[in-house]
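Given the structure is predicted, the values throughout are model-derived calculations rather than measurements.
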Amino acid sequence: MEDKDITSQNLSETEAIVSETNELPQTEQELSEDELGYKEFVDSLEEKWYVLHTFSGYENVAKENLETVVEKFNLQDRIFDIVIPMEDVVEEKNGKKKLVQRKAMPCYILVKMKYADDLWHNVTRTRGITGFVGPKGRPLALTPEEVIKLRLEKIKVEVDITAGDKVEIVEGALNSMIGTVVSVNAEEGIASVSVEMFGRDTTVEVGLAQIHKINA
């Protein structure tokens, strides 16, 4: 009888272990399905650029804080790039001119992301950010034309420009200036151009789409 009781007890314990073992893969399978579902959901979204409004002077803070949010919540598969638009301008101070960079869109930052409503609170609750730019504050993605105009993406430009060519800069702070091409980086879509500025030759980098070759 005693041996039978021990055997029964062992059998019960074994059944319990088997039962627990059988339940564990089901839980793992459920998690895998959730992860798979999220991946399919993310894959179905399109990468687009959005504009976020910030408090005045908080552009850098907002950018840094949003980068922290991306790291904290593992959003690297949803938020890819955060940009503070800058532009080159010619400033005159104490009778001297110099080329400097300044914020092209004060109080705004641009973000490339796969947006869906589940990101709303993560983004809008970030310190320094007041909300999305769009109808009634709802996210409105930039158009491809706006993305090109803001130079947010590298654009492959087919141009017949090589070192030594005379070119005219047709966009930006140096618009209408004539210069000589020093080098061309087709992959990056930029060229180094030597222009006469402030009484001396200065080499500046410009996008290939910003220059026009002058025929000799």
Phe132/His53 under ring-ring contact (aromatic ring centres under 6.0 Å, His included): CA gap, chis, key distance, verdict: CA-CA 6 Å; Phe132 282 90; His53 188 267; over 10 Å; no

Pair Arg102-Glu87, side chain to side chain contact (heavy atoms under 4.5 Å, CB included): steps then yes or no: CA-CA 6 Å; Arg102 72 176 182 188; Glu87 64 180 353; 3.0 Å; yes

Pair Thr54-Lys63, side chain to side chain contact (heavy atoms under 4.5 Å, CB included): steps then yes or no: CA-CA 9 Å; Thr54 73; Lys63 180 178 184 293; over 6 Å; no

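- Under the 4.5 angstrom side-chain criterion for Ile, Leu, Val, Met, Phe, Trp and Tyr, the cluster partners of Tyr58 are Phe55, Val61.
- Taken together through direct or relayed side-chain contacts under 4.5 Å among Ile, Leu, Val, Met, Phe, Trp and Tyr, Val83 and Val147 form part of one hydrophobic cluster.
- Side-chain contact between Ile82 and Leu110: absent, with no pair of heavy atoms (C-beta onward) separated by less than 4.5 Å.
- Atom NE2 of residue His212 and atom CD1 of residue Ile161 lie 8.5 Å apart, to the nearest 0.5 angstrom.
- Across Phe80 and Met113, no two heavy atoms sit closer than the pair CD1-CA, 4.0 Å.
- Residues Pro139 and Trp120 approach most closely at CD-CZ3, 3.9 Å, considering heavy atoms.
- Looking only at side-chain heavy atoms (C-beta outward), Tyr108 and Ile84 stay at 4.5 Å or farther from each other.
- Looking only at side-chain heavy atoms (C-beta outward), Glu67 and Val69 stay at 4.5 Å or farther from each other.
- Distance check: Ser194 OG to Arg200 CZ gives 11.5 Å after rounding to the nearest 0.5 Å.
- Judged by distance alone, with hydrogens and angles left aside, the side-chain atoms of Glu71 form no donor-acceptor pair with the main-chain N or O of Thr68 at under 3.5 Å.
- Summarising the geometry, atom CG belonging to Leu119 is positioned 8.5 Å from atom CG belonging to Leu45; distances are rounded to the nearest 0.5 Å.
- Under the 3.5 Å distance criterion, the side-chain polar atoms of Thr126 are left unmatched by any main-chain donor or acceptor of Ile129.
- Heavy atoms from other residues, nucleotides or ligands lying under 6.0 Å from NZ of Lys48 number 12 at most.
- Considering only heavy atoms from C-beta on, Asn122 comes within 4.5 Å of Phe73 through its side chain.
- The cluster map of Ile, Leu, Val, Met, Phe, Trp and Tyr, joined by side-chain heavy atoms under 4.5 Å apart, puts Val195 and Val206 in the same cluster.
- Every residue meeting the side chain to side chain contact (heavy atoms under 4.5 Å, CB included) condition with Asp117, not counting sequence neighbours, appears here in chain and number order: Tyr115, Arg138.
- Taking all atoms of both residues into account, the shortest heavy-atom contact from Lys114 to Val42 is NZ-O, 3.2 Å.
- Across every non-hydrogen atom of Glu59 and Cys107, the tightest pair is OE2-N, 2.6 Å.
- Put simply, the side chain of Val184 reaches to within 4.5 Å of the side chain of Leu208, judged on heavy atoms.
- Ile211 approaches Ala191 most closely through the heavy-atom pair CD1-CB, 4.0 Å.
- You'll find the side chain of Glu47 reaches within 4.5 Å of the side chain of Lys112, heavy atoms only.
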Return all side-chain donor-acceptor pairs below 3.5 angstrom for residues 165-181, not counting sequence neighbours, or 'none' if the list is empty.
residue	atom	partner	partner atom	Å
Asp165	OD2	Thr162	N	2.8
Asp165	OD2	Thr162	OG1	3.4
Lys166	NZ	Thr180	OG1	3.2
Glu171	OE1	Arg151	NH2	2.9

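- Side-chain contact between Met105 and Leu150: present, with at least one pair of heavy atoms (C-beta onward) separated by less than 4.5 Å.
- The shortest distance between side-chain heavy atoms of Lys103 and Pro85 does not fall below 4.5 Å.
- Contact detail for Ile109 and Ala62: the closest heavy-atom pair is CD1-CB, 4.2 Å.
- More than 12 heavy atoms of other shown residues, nucleotides or ligands fall within 6.0 angstrom of atom NZ in Lys213.
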Asp77 vs Lys39, salt bridge (charged side-chain N to carboxylate O under 4.0 Å, His left out): CA-CA, chis, key distance, verdict: CA-CA 9 Å; Asp77 61 340; Lys39 184 178 184 304; over 6 Å; no

Step-by-step side-chain hydrogen bond (donor to acceptor under 3.5 Å, both in side chains) determination, Trp49 to Glu153: CA-CA 10 Å; Trp49 284 93; Glu153 302 281 0; 2.7 Å; yes

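- Evaluated for a side chain to side chain contact (heavy atoms under 4.5 Å, CB included) with Leu52, the options Val133, Thr124, Val111, Thr130 yield exactly one hit, Val111.
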